[in-house]
A.B. asks: 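Here it is, the structure in full.
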Amino acid sequence: QQPVQSPQAVILREGEDAVINCSSSKALYSVHWYRQKHGEAPVFLMILLKGGEQKGHDKISASFNEKKQQSSLYLTASQLSYSGTYFCGTEPDSGAGSYQLTFGKGTKLSVIP
Amino acid sequence: NAGVTQTPKFQVLKTGQSMTLQCAQDMNHEYMSWYRQDPGMGLRLIHYSVGAGITDQGEVPNGYNVSRSTTEDFPLRLLSAAPSQTSVYFCASGRRGPRNEQFFGPGTRLTVL
């Protein structure tokens, strides 16, 4: 089942903050975040693992609530370059390591001057 | 390094035709995967591989075949194209082991008439 992302779309002015949420009905081992600009390939932002480990860029932060199977991506002091569609990908906690990611439908973020 | 390359960039097929989408990576990544992206649907996993000679099905495998004879190449075959397979196809690769980022290719836009 696809994770549910919210909001579906958001418009920000430069310098404003935004939070994108990702929620799953399954127990998760990891949550991955990617950004895709129009006509381009998705680009990695961050991975959050069960147990608290994080891998990703210093300027982007995220959280992972293992009990609620929810993750949030925090974008602070937004820049024009932040515009794009943000996808979360979830990996179920099957114990064996499935390497299968199920992506949400995406959140379209537009930053305007 | 070229990273992940995909050919062709664009393809138009008639219903019933077969073809192979090519994917290659030069980063010595063990893990490779194929996704399709449809408007408003996010990325859906078709097939993936955790090493040469090892492949497995993802979320939407029907109508597609894959093989992995070398670490570098992971072709996706459409057996008998259908209009429902009109989509943008992305290949991705990553290091195996504790969850790592995936590097996506530029994509192939396929139209089936």
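Side chains are part of it too, since the values below use all heavy atoms of this structure and drop only hydrogens, waters and symmetry mates.
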A.B. asks: Assigning hydrophobic clusters by single linkage (Ile, Leu, Val, Met, Phe, Trp, Tyr; side-chain heavy-atom cutoff under 4.5 Å), is A:Tyr86 placed with A:Val10?
C.D. replies: yes
A.B. asks: Is it true that B:Val88 and B:Val4 fall in one hydrophobic cluster, defined by side-chain heavy atoms closer than 4.5 Å?
C.D. replies: no
A.B. asks: Within the structure provided, determine whether B:Tyr48 and A:Gln100 are in side-chain contact (heavy-atom separation under 4.5 Å).
C.D. replies: yes
A.B. asks: Looking at chain A, which one of B:Ser33, B:Gly107, B:Gly40 has the largest number of heavy-atom pairs inside 4.5 Å, strictly under?
C.D. replies: B:Gly40
A.B. asks: Quick one: does B:Gln37's side chain get under 4.5 Å of A:Phe87's, heavy atoms only?
C.D. replies: yes
A.B. asks: So how far is it from B:Phe104 CZ to A:Gln36 CD, rounded to the nearest 0.5 Å?
C.D. replies: 8.5 Å
A.B. asks: How long is the span from the CD atom in B:Glu59 to the CG atom in A:Leu101, to the nearest 0.5 Å?
C.D. replies: 11.0 Å
A.B. asks: Determine, using the 4.5 Å side-chain heavy-atom cutoff (strictly less than), whether B:Val112 and B:Val60 are members of one ILVMFWY cluster.
C.D. replies: yes
A.B. asks: To the nearest 0.5 Å, what is the distance between CD on A:Gln2 and CG on B:Leu43?
C.D. replies: 9.5 Å
A.B. asks: Are A:Trp33 and A:Leu12 linked, directly or through other ILVMFWY residues, by side chains that come within less than 4.5 angstrom of each other?
C.D. replies: yes
A.B. asks: Write down the atom of B:Pro106, the atom of A:Ala41, and the distance for their closest heavy-atom approach.
C.D. replies: CA-CB, 4.4 Å
A.B. asks: Can you tell which part of B:Tyr35 gets under 4.5 Å to a heavy atom of chain A, answering side chain, backbone, both or neither?
C.D. replies: side chain
A.B. asks: Please say yes or no: joined through hydrophobic side-chain contacts below 4.5 Å, possibly via intermediate residues, are A:Leu45 and B:Phe103 part of one cluster?
C.D. replies: no
A.B. asks: Check this for me: A:Ile11, atom CD1, are more than 12 non-hydrogen atoms of other residues, nucleotides or ligands nearer than 6.0 Å?
C.D. replies: no
A.B. asks: Any donor-acceptor pair under 3.5 Å linking the side chain of B:Glu101 with the backbone of A:Val43?
C.D. replies: no
A.B. asks: By a 4.5 Å heavy-atom criterion (distance strictly below it), what part of B:Gln57 contacts chain A: side chain, backbone, both, or neither?
C.D. replies: backbone
A.B. asks: Around atom NZ of A:Lys26, are there more than 12 heavy atoms from other residues, nucleotides or ligands closer than 6.0 Å?
C.D. replies: no
A.B. asks: More than 12 foreign heavy atoms under 6.0 Å from CZ of B:Arg44: is that the case here?
C.D. replies: yes
A.B. asks: Do A:Tyr34 side-chain atoms and B:Gln102 backbone N/O form a donor-acceptor pair below 3.5 Å?
C.D. replies: yes
